[in-house]
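One structure is given below, encoded as structure tokens.
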Amino acid sequence: MIRILPSLTFACLMLVTVVVEAQVDRVRTTKGSKAGVVVGWNKNNVQLETNTGITKYPTSEVISVIFAGEPTELSQARINLENQGYLNAKELLSGIKLGPSANQFLKEDFAFMKAECLARLAVAGGVDGKVAGRELVNFQKAYPDGFHSYRIAETTGDLLVSLKRYEQAITQYRKLGKAPWPAYQVRSLLLSAKARQHEGKHSNAINLLKKANSIKGESTSGSRYSLAEQQFLAKLSLAKNMAADGNKKEAISALQKMILAVDDSAKDRSDRLAHAYAALGYCYAESGKLTDALLSYLRVDYLYSDNKEAHAEALYRLHSLWNRFGEARTAQLTKSKLLRLYGTSRWARE
Amino acid sequence: MTPLAAIKLLSWNSSLDVLMQRLCPLIVILLAQSVSGIEQEDRQFFDKLLRSGHDQLAAEFLERAESDPLISNGFKQAARFEKVSLGIAEVRTTRKAEERKKQLEKLSKQIDGLSRNLKSDSERIAFARMSGDFATAFADEARRDAQSIDKPRNAVPVDDARESIKVARMKLSDAADLFEEEHVKLRGVSPDSEKGQTRLDLLGRLAQMRLMSSRMLHELAMTYQPGSKQYKKNNETAAKELGALYEKYSRWMVGLYAHLYEGQCYRSLGNVGLAAGCFEDLIGQPTSSDELRRLVTNAHAQLAALWFESGSPEKSLDAPRRWLSDLSSSDQKTPEAAMLQYYLAKSHIAIAEELSETDSSRRNSLRKAGTLLSASSRVPSDVQAEARETWAELSKLMGISNEEAKDFDQAYMNGKQSIEQIATLKASLQEDTDLNKSDRQQLEDQINQQQQVASGAFQQAMKLADRKTEPKQLNEARYLLAWLTFESGDLGRAADMAEYLLKKAPEDVSAEKGALLGLAALEQLSREGDASASERMKKLADAAAKNWPNSEIANTSYNVLLNIALRANDYEAATRLVSKLPEQKRPEYALRIATARWEALITDKNAKAAKRNELYATLKKSFKQAKEQGKTFPQGVTAALYLARESLSQGRTNEAVRFLIDDQFGPVSKLIAKEPPADAQRFATLVAQSALEAYVAEGSNRLNKSVQWLDDSLNGLDKETALKTRLAVAVPIVAKLDSKLPVKKEVSQRIVETVLPLLGKIEKNAAKKDWNTRAWVAQTYLKLGQAAKEQGTASICMQSAASSFHKLIDQIRLDPEMAPTPAAAMAVQLQAANCDRELGEYEKALNSYEALLSKKQALLPVQVAVAEALQALGEEQKRSELLEESINGSRPNASGKNVFWGWRKIAGVTARAIATNEGHKETFFNAWFNVARSRYLVGKFSSPSDATTHYQKALSTIKAMRRQYPDLDGKVSSEKYDALEKQIAKEMK
């Protein structure tokens, strides 16, 4: 009996903790998790009331909000969404019905997840773009100033790019540029430039990217997007556009310098090199140096495959390059890998 | 795996080739130690390229490494060694001796180069390892040379072989010195440290070099006459060296192999006792691993050879034979087992030869020898060639002394044995790429001989068959005899035998195989024009399909029957056949019939539209039904292609694309996968052509590789055929540009992108004097340039057009009769100049125009083009004198008259011409407009004080025209004048 007692006590304590946990909201930020009650939010911050008062968390730092008493499926769907498991997330969300008394923020979060899921699947070609578009428009109308405003603007822009409606996409990306953080402003210009690049308007894209690189500010620690990272991506994109615009040598040389400048000990070294080698592959291909392009993309595949976006692009381009080299079998294997790993990415649809 | 384990494992291999294969990955692993992060990534990347089988790409990566700023300096240094290592690996996979020797020579130079530039200890170690690998490859080649000196084919002169061995020993010794030197430097380091492991690796390699060097001495001895002084001396020295190595490394694999080779030396010296001692030592080793079993098998083989050679073949049949029979089936396929089988066979033969010809054990022994030789000759080994030869001789011996077999069983066994030998000889013929012409002939002769032996044996078996004969064996003998008859070319007789077999034993599996053989024979006879073959084939197929429904033979029979019906255009019979088929087969056959009917229709010039519609509908329906069945077959792909082509011709592009990329039968999908029937050249070309047409019309990105597919499909064809095909593809596409239909901008863009590469290839392949093709290419470029106006490709098209026209002009200069008429030549010159003008090459264009006009001035379109060019150049370069020339003309000829008329004279000439030809009105009004415009431009480029004068002149011209022709030749022209007037007024303010 004496031996059992401590266990029972521990079990009771656990139970109490679980109950307390279940009754509070949690704000997951890049710096950690905070418990309390979400009492308000807008596109720039999430307000969490705790014993010490109300704290405002910049939305640039908030990864997600978990609500007290939310259905388990919703929590799972959120995790899937964060990990780009859109099909699973969609499936989980389809089984959830929130009652009329549900928390208003929870309802907004739920609506966001549904819209985001559909849109991302539509970008990858798995869902009708128009249906997804309607959902996004409805969300924006219903929640014009919510926690998800910037993200939904970016997603809407991405969907519009996939539908080749570039002007409208840029209008959406501009919303992101209105955020008070320089990193978001750079991202807005970067995404707009990518839209222009898709459109074939490389000189317009170049202007936007030059503007993005001229933005000054300090990288806020804990922000989802860092200024340095966004400007690095902008520089890569600039090189790609320069290559597409005819300045291939300069673009390749600029990228080589960027790669050499990547700090060996940087936390995001692998991500940076993944994007940079993918960009280098693109510029080599533009210059007709197909073997060099192949080697650059293979580097991403072999060494930096942790970065999903760059890896998916590399696999897509490798598929086409292997075919051009007459390696049909290798091309087929690469395509299978792309579909297997990134079946819901836009590269799988290309 | 620790380096020690690696070394121990490596040392077990007697073949130098295998040794090399194991060494290379080890080098990569060891080189990867103690390097920086970036360098590590470069290595990882290189290693991954190799492991993924991209050897060529890995080589290219190394080539680029030197000049690539992104590659770490450490890897750049290592790349020099890696290049050589890749080269050594290539030597291993090269089959031709001549090529291998060239590769080794090249590698030797590279290694020499590297030896002069070693900066650090790690580089010296890498260099030592590489030298060791190279020495091993070199020694392997020398060994091959030595073994070929007494062979009838690809023999190497004995002196050359000896020299090779001496050089190999020097290289092995040099490598050993390097290992020794580096290993000494590492003395005293902890065995568990990184350096300690390197030291151990170097030690292992040092032992390997010594072992191989001593073994090469034995190889050298074997190039001399047995018993000669050199033979004896070299073998004795080798045995002594190997013995010392065994003493030193007795716990390592290297030591055990040294003992094996030591025994070989004693065997060669005829010292049976010492040799047997060595081999028996090894036979007693534990055999817990594959490597150990191989060593022991090798020792048994050596022992069997020793007993055979020393005149005691019966001893071989003791321990060595038991060892062989205890080996697993995979262990029996190793080179060591093949060697053991060979020497056991030799022992059996030797024993048989001692017996009298009437002794039944004699034949039994020979048969056992045959079985062993058959197995041995299938595995590549040092004795493979000997095994084949011995087997051939043995068969001859058994065949020639083919005393009448006593019973069916004996005759049947003789026949089967010959059949087995035929199969092995045929495999040798296909697999051995080193065979020269006479070797091939020899093998073919042996095959023919064995076929006769086998036929004789089976005929004998037929005669000897009685009631006791097993029916299954009898039918098999009948089938094999039919097969041999088929192989000998007597197709009619083979078919007779197959028909007989089916009649006699319809239940037997041999009858089924016979029926297939019979169908093949009759098919061949039918093709050769045998009138009765078709009917016989029909009967045989019918009977076979009934006898073995739902079997492979049934499928073949249905195919045969269907082909017969379709060949005779007997669609009713074909349809009747479908109704007899099992349900699941019907859609496939129905589609084949529909496809055949469609094929017949499209080749019939008199086919009516209604019939075409009916058959198209049938084809489409059958295609749909076959798709529902879910099975893919080549004729379905053909049907999809026909459907796509018809859809294209009807303008239903989307539908055509659907057929082309159909997931089951899509010809494009098959083309990409290189699957039948798209792996056939003509079919592939037609698919690519259809994809190209669909792409141009519809623009689905899925077909954007169509030009590449076309190129691939034409690869390997002669120039003329490729040219004709490309023209046939390009002409209808270009024709779209001529049609009056409004062609969408993106469609025209796509046409340009598609046709450009085609034209390039057509021009490249066209003969220099092929005026029609070359002129068409140039014209088409021009047309594309005009169609692509305002798009990126326009200037490329124009440049290509200009280049093509100028090439034609150059050709005309060399051969004035090349152009069909003088007018055609002038037209080409004019178009070349026009292209130059479009490209902004005004001076070049003007010179070309002058050349044209100096022959004949009154070429109004040329004069207009000249005035336009002068005006454009003047405007571009802000040169008033050129603008004046555009009005008043320039470049006086010998008689003082201007060759270039200018707008004013053009206006004058056309004013007179209008009286007889209203068509000149537009040029007339345009000329005066341009007189005014050039004056306005002169004003613009003049000083403010002079400008007004020029503007006034321009306005006077406009007013004068208005006065004389109030409507200025219609609205368009009038608006042009108005706009210019307003512009001038604006400038004057």
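Lettering of chains follows the sequences in order, A, B, ..., and the numbering in each one begins at 1. Keep in mind it's a predicted model, so treat the numbers as computed, not measured.
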inquiry  = Counting only heavy atoms from other residues, nucleotides and ligands, does the tally under 6.0 Å from NZ of A:K337 exceed 12?
reply    = yes
key: Part of residues 247-258 of chain A lying next to chain B, heavy-atom separation under 4.5 Å   = A:Q256
Proximal to chain B - members of residues 288-309 of chain A, heavy-atom separation under 4.5 Å = A:T291, A:D292, A:L294, A:L295, A:L298, A:R299, A:Y302, A:L303, A:Y304
inquiry  = Checking B:K83 now: which residues fulfil side chain to side chain donor-acceptor pair (under 3.5 Å) with it, not counting sequence neighbours?
reply    = none
note = Output for pair (A:F325 CZ, B:L57 CG), nearest 0.5 Å, gives 7.5 Å
ask   = Are more than 12 heavy atoms from other residues, nucleotides or ligands located less than 6.0 Å from atom CD of B:E60?
value = yes
request  = Step through the shown structure and confirm whether more than 12 heavy atoms of other residues, nucleotides or ligands are within 6.0 Å of CZ on B:R682.
outcome  = no
ask   = When rounded to the nearest 0.5 angstrom, what is the spacing between CD in A:E327 and CD in B:Q56?
value = 10.0 Å
key: Residues, nucleotides or ligands: over 12 heavy atoms within 6.0 Å of A:R324 CZ   = no
query = Which residues satisfy the ring pair (Phe, Tyr, Trp, His ring centres under 6.0 Å) test with B:F659, sequence neighbours excluded?
reply = B:F623
